[in-house]
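Below is one structure; the comments refer to it alone.
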Amino acid sequence: MRYAVVSDIHGNLEALDAVLADVAGRADAILCLGDVVGYGADPRACIERLAERAQVITAGNHEHAVAGLLDLDWFNPYARAAAEWTRERLDDDHRSYLAALPLVAQVDDATLVHASPDHPEEWEYLVSAEDGFQAFAAFTTRLCFVGHSHVPGVWSLGSTGPTWLPGAVEVDLEHGRRYLVNVGSVGQPRDRDSRAAYALWSVEDGAVAIRRVPYDVDAARRKIVAGGLPQYLADRLAWGA
Ligand code: ZN
């Protein structure tokens with residue numbers, strides 16, 4: 001089995017479609033870690049694409065914000081403006097669909113969660129080496145896939161000691177080691193690389209690879225501005241930050 005693990009699409013249909021095209025022929029199933037909406041101009045289309053294509057979708061903080069499960073005071077002004085904009089453009093069916101998504105799921109020997117497996121509803125960011133190592137106690141599977149920070153990276157624990165590989169990586173899964181993988185962001189990368197990011201996980205090959213996919217950034221930016229969302233949300237797509 002080969003899985004594509006996607007996260008943090010954020011209403012960016014140009015990035016999502018580029019990733020889905022890249023996934024074709026490379027993966028047998030799609031797993032989604034949430035934040036399908038928020039920031040980008042196409043929340044409805046992104047929800048509908050993934051509802052149709054993904055085997056599992058876990059909820060992100062932006063799903064909870066749009067569905068009314070998370071107080072918008074939690075958000076910075078840009079995220080709040082985007083959540084309010086997105087909420088107005090979804091109907092009750094979309095909002096109740098988002099509200100019903102699970103916080104955590106398990107597929108094969110992997111835990112799927114948007115933020116941290118440790119109290120996922122607190123939406124903690126796993127950024128540093130230490131953040132990741134501490135999170136291993138909160139899942140029992142061999143692998144755990146997360147998103148939320150929009151920065152890809154792989155933490156691993158095993159008898160030969162902990163490792164932390166920030167950035168885009170390919171990892172051969174070693175016997176006796178456990179892994180925590182941040183798959184990066186499809187629709188709003190923040191590692192100074194504007195290309196969409198997602199992870200390919202091959203169970204048979206015992207390998208995880210972060211792939212980067214170019215997409216039409218200018219088209220996504222134009223739609224954000226034309227839709228009346230903050231200009232900053234368009235500009236940061238070009239910066240990859
Ligand atoms: Zn996000």
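Computed from heavy atoms alone, side chains included, the values below leave out hydrogens, waters and symmetry copies. Remember, predicted model here, so these are calculated numbers, not experimental data. Both counts, for ligands and for their atoms, begin at 1 and track the order of listing. All residue numbers in this chain count up from 1 along the given sequence.
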inquiry  = Could you tell me if the side chain of Leu16 sits less than 4.5 Å from the side chain of Leu50, heavy atoms only?
reply    = yes
query = What protein N/O/S atoms are found closer than 2.8 Å to the Zn ion (ligand 1)?
reply = Asp8 OD1, His10 NE2, Asp35 OD2, His150 NE2
Sequence neighbours excluded, every pair satisfying side-chain hydrogen bond (donor to acceptor under 3.5 Å, both in side chains) that has a member inside residues 7-30 = Arg2-Asp28, Asp8-His10, Asp8-His150, His10-Asp35, His10-His150, Asn12-Tyr215, Glu14-Lys223, Asp17-Arg49, Asp22-Arg26, Asp22-Tyr198, Asp22-Arg211
request  = Could you verify whether a donor N or O on one side chain and an acceptor N or O on the other, from His94 and Asp91, lie under 3.5 Å apart?
outcome  = yes
request  = Find out whether Glu124 and Asp118 are in side-chain contact, i.e. whether some heavy atom of one side chain is under 4.5 Å from a heavy atom of the other.
outcome  = no
query = Side chain of Trp85, backbone of Tyr39: donor and acceptor closer than 3.5 Å?
reply = no
message = Checking the side chain of Arg95 only, and the main-chain atoms of Ala67 only, is there a donor and an acceptor separated by less than 3.5 Å?
response = no
